[in-house]
Amino acid sequence: MNWDWLLLPTIGAGRMSHPGLPPGWVMLVLAAMSCMVAWAIWIPVRAGHPHSSRSLVHLPVIGPAVRKMLSLPWLVLALRIAVAAIFLLTIYAGLFGTPLPERNLATMLTWTLWWSGLIGAIFFVGSAWCAICPWNALATWLVRRRLWRRGSETSSLGLRVPKVLRSVWPALILFVGLSWFELGYGVTVSPYATALLALLLVVLATISLAVFERRAFCRYFCPVGRTIGFYAELSPVALRPVDPDVCARCTTLECYHGTAEVEPCPTHQVMGSMKQNTYCISCDACSRSCPHQNVAWRLRSVGQEIIQAAHPRWDEAWFILGLLALTSFHGTTMLPVWEHWMSVLAQRIGDSGQLLWSFSITMGVSLLVPVALFALLALLTQRLMAKQPEYRRVFSALALATLPLAFVYHLSHNLSHLVRESRGMTEVMLNPLGINAQPLTCNQAEARHMLTALQQDTIFALQAGLLLFGFWMAVRILRHRVTSIAPQGQAAAGWHILPMLSFIVAITLYNLWLLMQPMTMRM
Amino acid sequence: MLMVLPAHAHHILGKPAYNSGKENSSTPPSMQMETQIGDYLVNFMVFPAFPKPGVQGRLHLYAARLDNGLSYQGKVTFKVRDDRWFAPDAEVLGTHEIDDKVYRQGVVFSKEGDYIVTAEFQADGQPYIIDLPLRVGEPAGMMPIGVAAGAIVLVLLGVSTAQRRRLMRLKAVRHHEAARSET
């Protein structure tokens, strides 16, 4: 069978591109998806589906080591100091190093290693990155003037965040802005702009900490932190009570209020009633302040939280949909034909050479289309139910089902960047400022992108597997979520899920098609 | 700023050498970018590799078709713009015809800074744009760090002053209440 008609012509590719997913893998994914769709429609949802979870401290071999680690505050502090030092070096390299992105530590470390690797790390360690985040660490040291103990109450104005900002809308707006800078303005290929962005985020985190109570930046404003938070709902690890009954009996709530030595929870979480990972930044303040040592990492089945416990609010649902639209848009901009499309649009509207208007218009449309389609199909789902639940409730609950789709595409896409573009990392580490460095030649770039740490077939297998896993998770979540919003006694399987199932299929097929295309490398 | 300079290159394996291999060569090495774009393999070079303000430099462009190796024969426009956020539009340096398989443009940068030099041409109805980031002179100063540090210090000073006033007001209220309760 000829699959060439599915591949776009590679017009105007100014940079290297690598081949997309081969037809064999695509066939496999499509066959598995068909089976899952049939299963989702014909097999009813089992009520009270049990899920197991176990605290890591109860595991036979690693349990004592985990408990020991949790009691060592200097371990996290040492990591914070190391990451902050690397971060400062990155800013220095961006400001004073070579403007060639593939030779400068700022662009290579930030966009190739960190941003690509971070999404993968969330699956294994949840929101652990936030615990060692350099923006937060530098802001804390500057404002509290303490390395790790609880700072003085007077070091911050401690104002409450205005009600209008107490949501994830600010983080979503910043995330869209960050994506515009990344893809439209080309921050990823400018070490100087990368350094400025890093400085800007430190300034924002510091101002927020100095003015507002606790860590308002992490809770409401940080686009990276909120992305991690939502994706961490799918992670099989999370900080949770070792024994929930201990928390249920607790009246002092040190995890929330802190102690004389330990900061209170920076994002206003009470460990005993925490059901979602969304706002936990894994800072370990709760595990250090708990007088019963009742907080530790817990292993659970993948997606357990999102199937059973998560109850997203209206603004959180919009953030999840924003993530979904942005991740697919991200992949679209790396099609070799993208620059041609931009060029055609720019000529039509008389845009300047930087194509900022053309990009902004396309980005706006690309974000609106999937969200509008989702909103319409959520409305259809609501109308299909005999006793119609409130639309906002349907919209918010169903948005959860799209989270795995965003996560797996983000992972598959970043996997390519990580294994193909990080080849020159050793050279960059040895010469972080890229002194006297030359741009990569075509042969060097080709070698960097093709001689990857993983075999090409392994990359394809991982991408296909991830996409399938995300689809399976999305379908499972959808079935449970439709059941949870359906009025009492109403069956929720079958045709009730059809509108949203078609949305999940459509997004997965689009993402699969994106993975089939040759992808333009950034550096 | 605009002038075309003759360059006397010989070619080794299709690439100019400019005597840079010789011990006493006064010709500085070049910054060279090689890229495939559309139907062409393009080689964009800047002499010297790390130009200084006020020093004569040159831009050279070689564009050959990927399928048959024939050089592009149309006109090439060279432009330059500041490599910073929301910079003004690019300045056109000049438009040139091919000269011994090479498009040449002389250039003098008057100020230090980060620039993007661009070569543009049209082939088969498609625009071809090749950007090369270039630093002229020393790296940018400490201004961004200074601005960031200044903003942070200002906010921390403001917070500190506000907190001191709040504490003093609190102290005065307590003192007032204590005095009232004594009387």
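Worth saying up front: this structure is predicted, and the values here are computed from it rather than measured. Protein chains get the first letters and strands the later ones, always in sequence-line order, with residue 1 at the start of each.
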### Query
Most heavy-atom pairs under 4.5 angstrom with chain A, which of B/I130, B/D131, B/I152?
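Answer, by heavy-atom pair count under 4.5 Å with chain A: B/I152.
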### Query
Hey, which of B/V102, B/D100, B/I98 is the one that makes side chain to side chain contact (heavy atoms under 4.5 Å, CB included) with B/S71?
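It is B/I98, the one option of B/V102, B/D100, B/I98 that forms the side chain to side chain contact (heavy atoms under 4.5 Å, CB included) with B/S71.
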### Query
With only heavy atoms counted, which part of A/L204 is less than 4.5 Å from chain B, the side chain, the backbone, both or neither?
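No part of A/L204 comes within 4.5 Å of chain B.
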### Task
Tell me, for A/A437 versus chain B, whether the close heavy atoms (under 4.5 Å) come from the side chain, the backbone, both or neither.
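Backbone only.
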### Task
Taking all non-hydrogen atoms of both residues into account, name the closest pair between A/M108 and A/V428 and its distance.
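Heavy atoms of A/M108 and A/V428 come nearest at CG-CG2, 3.9 Å.
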### Message
If I compare all heavy atoms of A/N104 with all of A/A93, which pair ends up nearest, and what's the gap?
### Response
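A/N104 and A/A93 have their closest heavy atoms at ND2-O, 3.0 Å.
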Pick one of side chain, backbone, both or neither for [X], based on which atoms fall under 4.5 Å of a heavy atom in chain A.
X      : answer
B/L41  : side chain
B/L132 : side chain
B/V159 : both
B/L167 : side chain
B/R166 : side chain
B/A90  : neither

### Query
According to the interplanar angle, ranging from 0 to 90°, do the rings of B/Y103 and B/Y72 count as parallel (below 30°), tilted (30 to 60°) or perpendicular (above 60°)?
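If you compare the ring of B/Y103 with that of B/Y72, the planes turn out tilted.
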### Task
Quick one: list whatever passes side chain to side chain donor-acceptor pair (under 3.5 Å) with B/D124, sequence neighbours left out.
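With neighbours one apart ignored, the set is empty.
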### Query
How would you list, by chain and number, every residue that makes a side chain to side chain donor-acceptor pair (under 3.5 Å) with B/D82, sequence neighbours excluded?
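Partners of B/D82 by the side chain to side chain donor-acceptor pair (under 3.5 Å) criterion, ordered by chain and then number, come out as B/R84.
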### Message
Using only non-hydrogen atoms and a strict under-4.5 angstrom cutoff, which residues of residues 205-224 of chain A touch chain B?
### Response
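A/T206, A/I207, A/A210 fall under the 4.5 Å cut-off.
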### Message
Holding to ring-ring contact (aromatic ring centres under 6.0 Å, His included), I want the full list of residues that pass it with B/F44, two or more places apart in sequence or in another chain.
### Response
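If we apply the ring-ring contact (aromatic ring centres under 6.0 Å, His included) test to B/F44, skipping adjacent residues, there are no hits.
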#### Entry: Atom OH of A/Y92: over 12 foreign heavy atoms under 6.0 Å
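No, because the 6.0 Å sphere around OH of A/Y92 holds 12 heavy atoms or fewer from other groups.
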### Query
Under the 6.0 Å and 45° cation-pi test, does B/R65 pair with B/Y40?
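Verdict for B/Y40: a cation-pi partner in B/R65.
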### Query
Is any side-chain heavy atom of A/W357 less than 4.5 Å from a side-chain heavy atom of A/L345?
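A/W357 does not reach A/L345 side chain to side chain.
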